[in-house]
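The next block holds one structure in the form of structure tokens; read it before the comments.
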Amino acid sequence: MTILALETSCDETSAAVVRDGCVLSNIVSSQIKLHSEYGGVVPELATREHLKNLPPVTESALHEAKLRAADLDAMAATQGPGLPAALMVGLKAAQSMAFALGKPFVGINHHEAHLYSPWIWGEPLQAHFEEFQPNVSLIVSGGHTLLVHVEAVLRHHVLGSTIDDAAGECFDKVGKLIGLPYPGGPQMDRLAEGGHEKRFDFPRPKLRDPDDDFSFSGLKTSVRYFLRDNPDLLDDTQTVRDLCASVQAAIVEVLVAKTMRAAERLNVRCVTASGGVTANRALRLHLASACESRGFTLRVADRSLCTDNAAMIGVLAERKLLEGSAGSSLDADIAPGLALT
Ligand code: KG4
Ligand code: ZN
């Protein structure tokens with residue numbers, strides 16, 4: 001089965017061709033430069049960029065896969081969650097193509113696509129669902145932080161989520177307080193490399209709570225007050241590095257500890273992680289050592305699939321079509337607040 005998938009939920013315009021679980025192409029056009037001028041994603045600009053970029057990105061995806069539109073068996077697009085007008089661009093384009101070609105359309109939940117993205121790996125990238133193991137999965141992106149129990153492929157339920165800011169949002173907001181360009185996450189990761197994580201002691205919210213929820217807004221606020229009371233700290237480069245390392249250590253410790261606790265409680269032998277924040281080197285490192293010491297298998301999304309991309313949308317859409325659980329229609333609407341259930 002050959003699928004063309006589109007992803008336009010936030011600030012990446014992406015198109016991918018997936019055939020029989022194999023990613024034939026995955027083109028991603030990032031808008032980060034444009035939005036960094038404004039310190040965050042501007043929805044109106046994101047929509048205009050998607051409208052401008054989607055046709056050439058889609059053409060490139062087909063070209064790289066050495067296919068024509070007539071070779072496609074189905075179209076897929078992110079249905080939600082995301083920015084309403086941005087979602088509309090990809091969803092309506094995919095539905096129009098499906099209508100013109102007389103092929104089915106599948107709408108995909110963006111988080112569900114992240115959830116199964118760690119099972120796509122290799123060169124070329126390929127879905128390995130035959131190696132699937134029941135797992136506890138951490139999804140950490142700019143807008144969401146979720147812990148999910150995945151019992152089988154397409155059978156999962158959410159254990160907990162953030163009650164306020166997401167982990168990526170916390171990185172980005174603290175980055176802004178420090179004066180780093182948007183998005184702060186990758187910048188803090190880079191600066192933290194030369195920093196001492198024990199120099200400043202920031203709170204680890206909900207670390208010891210028995211539930212599987214997260215909270216990162218208190219951590220961000222404590223950094224804000226700390227900087228208000230110590231305004232000169234930012235003048236020294238090493239201090240900025242230490243600050244980044246200390247904040248990063250607080251976020252990573254909470255994410256890793258709560259993921260491990262859920263995995264132990266649910267008696268799974270496998271942990272997976274996905275979403276933009278899994279590009280963070282400290283998180284990858286600490287997840288790896290925590291899993292190794294407990295004898296867990298760890299699957300972290302391939303670096304190229306951590307941030308938003310259409311390959312994960314196409315792989316999940318194909319799986320759903322094969323299992324007969326792809327329920328979308330040509331007049332399905334966007335779902336900006338779509339939850340993972
Ligand atoms: O999954 P994603 O591309 O988009 C959403 O669905 O939100 O995640 C974007 C988030 C941003 O908050 C960004 O700062 C964060 O992922 N991020 C990182 C790193 N790379 C991206 N956070 C920490 N360290 C990184 N290396
Ligand atoms: Zn995402």
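When a ligand or atom number is given, it counts from 1 through the structure's own listing order. As a basis for the values below, the full set of heavy atoms in this structure was taken, side chains included, without hydrogen atoms, waters or symmetry mates.
- Residue contacts with ligand 1 leave out R190, since none of its heavy atoms falls under 4.0 Å from the ligand.
- Interface atoms of ligand 1 facing H110, defined by a heavy-atom separation under 4.0 Å, are 6 (O).
- Checking H114 against the Zn ion (ligand 2), an N/O/S atom falls under the 2.8 Å cut-off.
- Hydrophobic clustering of Ile, Leu, Val, Met, Phe, Trp and Tyr side chains at less than 4.5 Å, counting indirect connections, unites L255 with F296.
- Close contacts between ligand 1 and G168 involve ligand atoms 12 (O) [criterion: under 4.0 Å to a heavy atom].
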query = Does the pair F202 and F226 meet the rule for a ring pair (Phe, Tyr, Trp, His ring centres under 6.0 Å), with working shown?
reply = CA-CA 9 Å; F202 290 110; F226 180 71; 5.5 Å; yes

query = When you look at K173 and D165, which way does the salt bridge (charged side-chain N to carboxylate O under 4.0 Å, His left out) test go after all the steps?
reply = CA-CA 9 Å; K173 286 179 175 171; D165 290 354; 3.4 Å; yes

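- If you look at H114 next to ligand 1, the close heavy atoms, those under 4.0 Å, all belong to the side chain.
- For atom 20 (N) of ligand 1, the closest non-hydrogen atom on the protein side is G276 O, 3.5 Å.
- Note that R319 lies outside the cation-pi zone of Y116, set by a 6.0 Å cut-off to the ring centre and a 45° limit from the axis.
- Here the side chain of T78 pairs no donor or acceptor atom with the backbone of G80 at under 3.5 angstrom.
- The contact set between ligand 1 and P183, taken as ligand atoms under 4.0 Å from a residue heavy atom, comprises 14 (O).
- Salt bridge annotation for D212-R261: absent, with no cationic side-chain nitrogen under 4.0 angstrom from a carboxylate oxygen.
- Nearest heavy atoms, I313 versus A113: CD1-CB, 3.6 Å.
- Using a 4.0 Å cut-off to heavy atoms of T307, the atoms of ligand 1 that qualify are 3 (O).
- At a heavy-atom distance under 4.0 Å, no atom of M188 approaches ligand 1.
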request  = For V42 and H35, run side-chain contact (heavy atoms from CB on, under 4.5 Å): C-alpha distance rounded to whole Å, both residues' side-chain angles, the deciding distance at 0.1 Å, then the answer.
outcome  = CA-CA 6 Å; V42 184; H35 297 292; 4.2 Å; yes

task = Go through H156 and H149 one step at a time and tell me if the ring pair (Phe, Tyr, Trp, His ring centres under 6.0 Å) criterion holds.
result = CA-CA 6 Å; H156 49 257; H149 183 203; over 10 Å; no

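- Remark: minimum distance from atom 24 (N) of ligand 1 to any protein heavy atom is reached at N280 ND2, 3.0 Å.
- Under a 4.0 Å criterion applied to the non-hydrogen atoms of G143, ligand 1 contributes the atoms 7 (O).
- Here the heavy atom of the protein found nearest to atom 26 (N) of ligand 1 is D189 OD2, 2.8 Å.
- For atom 11 (C) of ligand 1, the nearest non-hydrogen atom of the protein is D172 OD2, 3.5 Å.
- Scanning the protein heavy atoms around atom 22 (N) of ligand 1, the nearest turns out to be G185 CA, 3.4 Å.
- Distances from the Zn ion (ligand 2) to the N/O/S atoms of D308 are shortest for OD1.
- Annotation: H128, atom NE2; neighbour count of heavy atoms from other residues, nucleotides and ligands within 6.0 Å is above 12.
- With respect to atom 2 (P) of ligand 1, the closest heavy atom belonging to the protein is D308 OD1, 3.6 Å.
- At the top of the distance list for atom 9 (C) of ligand 1, counting protein heavy atoms only, stands G142 N, 3.7 Å.
- Between the Zn ion (ligand 2) and H110 there is an N/O/S contact shorter than 2.8 Å.
- Checking side-chain atoms of E7 against main-chain N and O of N309 turns up no donor-acceptor pair under 3.5 Å.
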